[in-house]
Amino acid sequence: MQLIQQTPDLSAYLAADEAIDYHHPLVRETAAKLADGVLDSYEYARAAFEFVRDTIPHSQDSGDLRVTWRASDVLEQRTGICYAKAHALAALLRAEDIPTALCYQKFDVVHGLVAVRFNGAWHRQDPRGNKPGVDAQFCLDGERLAFVPDPASNELDYPVLYAAPHPVVLDALTAARDRPHLWQTLPIAL
C-alpha cells in the first residue's frame, strides 16, 4: 500500500497539538528516560514503541473504564485505547524529533496506529498492546501490526498519514464519559 502524507510539509509530523502534547513535563521526562543510554533514533523509537505497547494497558483488555486521549494523560493514567496509545507514542517520538504520523485501519470500527519516518520512508507501527492472538512488533522491514484487514469483509487500511488526530476520532474520545459510552460512539469509518 502506498502511504500518502496528508500534508507534504514534513515539519507538520513533528508538531505538538492538544492531543500530542509533547511539551508537557511528563512526556518530556518519559522521553528523557527512554533516550538515556540508547545509541540512535531507531533504538529510541523501538524503546518508545515497546514502552507504550507493554506498559500502558489497552483499556478494553484491562477492563479500565477511563477514557484518555491526550498523550500526557495516557502516560499519567497508564491506560488508553488504540487511538490514545497512538497519541502517546507520537508524542514520545516527536519529542525526540522523529517524524510521526497517525494512521488508521477500518474493521468493525476504526483502529488507530502510527507511522514513523526512517530512511526516507514511512513505516506503520501498532502500539495497541499484545494479547493472545495479537503480536505487534516494531519493524522497519515489513509490517508486524496487531491486525491485518480482510478486504473480503470490507476491512481496509486507510492510506492517509495524518499530522494530527482525525477529527472524528478526537471528537469521539473527548465526548466520551467512559469507555462503555465510547464503545457506542466509536467511528465506523473516516
Side-chain angles (χ1 to χ4, degrees), residues 1 3 19-20 26-27 30-31 33-34 42-93 100-116 122-158 161-162 165-166 168-170 172-173 176-190:
M1 174 181 65
L3 297 173
I20 303 171
L26 181 56
V27 178
T30 304
K33 286 178 183 174
L34 291 168
Y42 173 80
E43 204 174 295
Y44 172 82
R46 177 186 296 281
F49 169 84
E50 290 174 353
F51 173 81
V52 172
R53 182 195 65 193
D54 299 342
T55 70
I56 300 170
H58 188 286
S59 57
Q60 174 69 19
D61 297 347
S62 67
D64 196 318
L65 299 180
R66 296 173 293 168
V67 175
T68 55
W69 59 273
R70 186 178 288 120
S72 58
D73 293 338
V74 174
L75 296 175
E76 178 185 2
Q77 296 179 36
R78 297 291 179 150
T79 190
I81 67 166
C82 60
Y83 313 128
K85 292 182 68 160
H87 299 168
L89 180 56
L92 291 171
L93 294 172
T100 308
L102 298 165
C103 45
Y104 303 92
Q105 297 174 305
K106 182 191 179 307
F107 298 99
D108 290 336
V109 295
V110 173
H111 174 64
L113 51 153
V114 303
V116 296
W122 289 101
H123 307 274
R124 294 188 309 162
Q125 312 296 325
D126 191 343
R128 181 228 178 268
N130 290 339
K131 63 180 187 173
V134 175
D135 184 29
Q137 301 295 323
F138 185 83
C139 186
L140 300 184
D141 183 25
E143 292 184 334
R144 296 279 310 273
L145 305 178
F147 309 109
V148 177
D150 175 13
S153 298
N154 292 321
E155 298 174 349
L156 61 93
D157 287 308
Y158 288 108
L161 300 173
Y162 295 90
H166 193 286
V168 170
V169 168
L170 200 53
L173 288 170
R177 297 182 304 273
D178 55 24
R179 192 174 38 77
H181 178 257
L182 176 62
W183 251 232
Q184 296 173 5
T185 60
L186 284 173
I188 59 171
L190 296 182

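Numbers here are sequence positions counted from 1.
His166 is linked by a ring-ring contact (aromatic ring centres under 6.0 Å, His included) to Tyr162, counting only residues two or more places apart in sequence or in another chain. With sequence neighbours left out, the side chain to side chain contact (heavy atoms under 4.5 Å, CB included) criterion links Arg46 to Tyr42, Glu50, Phe138. For Asp150, the salt bridge (charged side-chain N to carboxylate O under 4.0 Å, His left out) criterion is met by no residue, not counting sequence neighbours. For the salt bridge (charged side-chain N to carboxylate O under 4.0 Å, His left out) test, residues two or more places apart in sequence or in another chain that qualify with Asp61 are Arg128, Lys131. Listed by chain and number, the residues in a ring-ring contact (aromatic ring centres under 6.0 Å, His included) with Phe147 are Phe107, His111 (sequence neighbours excluded). By the side chain to side chain contact (heavy atoms under 4.5 Å, CB included) test, Ala84 pairs with Thr68, Val74, sequence neighbours left out. Remark: Pro132 engages no residue in a side chain to side chain contact (heavy atoms under 4.5 Å, CB included) (not counting sequence neighbours). Applying the side chain to side chain contact (heavy atoms under 4.5 Å, CB included) rule to Asp141 yields the partners Cys139; only residues at least two apart in sequence or on another chain are considered. By the salt bridge (charged side-chain N to carboxylate O under 4.0 Å, His left out) test, Arg179 is found to be paired with no residue, residues two or more places apart in sequence or in another chain being considered.
The shortest heavy-atom contact between Ala176 and Val67 is CB-CG2, 4.0 Å. Shortest non-hydrogen contact noted between Val52 and Pro127 is CG1-CB, 3.9 Å. Between Leu75 and Ala88, the closest heavy-atom pair is CD2-CB, 4.4 Å. Here the closest heavy-atom approach between residue Leu34 and residue Ala48 is recorded as CD1-CA, 3.9 Å. Nearest heavy atom pair, residue Ile56 against residue Gly80, reads CG2-N, 4.3 Å. Residue Pro149 comes nearest to Gln105 through the heavy atom pair CD-NE2, 3.6 Å, listed as atom of the first residue, atom of the second, then distance.
The side-chain heavy atoms of Leu92 and Tyr44, taken from C-beta on, include a pair separated by under 4.5 Å. Leu102 places a side-chain heavy atom less than 4.5 Å from the side chain of Ile20. Looking only at side-chain heavy atoms (C-beta outward), Gln77 and Asp64 stay at 4.5 Å or farther from each other. Residues Thr30 and Phe51 have side chains in contact (heavy-atom distance under 4.5 Å, counting atoms from C-beta outward). Put simply, the side chain of Gln60 does not reach to within 4.5 Å of the side chain of Ile81, judged on heavy atoms.
If you take CG on Leu3 and CG on Asp157, they are separated by 8.5 Å, rounding to the nearest 0.5 Å. Note that the CG atom of Leu161 and the SG atom of Cys103 stand 5.5 Å from one another [nearest 0.5 Å]. With rounding to the nearest 0.5 angstrom, the CD atom of Glu143 is 8.0 Å from the CD atom of Gln125.
Although no hydrogens or angles enter the test, the distance criterion places a donor-acceptor pair under 3.5 Å between the side chain of Arg53 and the main chain of Ala136. Judged purely by atom type and a 3.5 angstrom limit, Arg66 has no side-chain atom pairing as donor or acceptor with the backbone of Thr79.
For residues 53-76, no residue pair satisfies the ring-ring contact (aromatic ring centres under 6.0 Å, His included) rule, not counting sequence neighbours. Sequence neighbours left out, the pairs with a member in residues 73-91 that pass salt bridge (Lys or Arg N to Asp or Glu O under 4.0 Å) are Arg70-Asp73.
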Would you mind writing out the side-chain donor-acceptor pairs for residues 182-190 within the sub-3.5 Å range, not counting sequence neighbours?
{"from": "Thr185", "atom 1": "OG1", "to": "His181", "atom 2": "O", "distance (Å)": "3.4"}
{"from": "Thr185", "atom 1": "OG1", "to": "Leu182", "atom 2": "O", "distance (Å)": "3.2"}

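The 12-atom threshold is exceeded at CG of Asp135, counting heavy atoms of other residues, nucleotides or ligands nearer than 6.0 Å.
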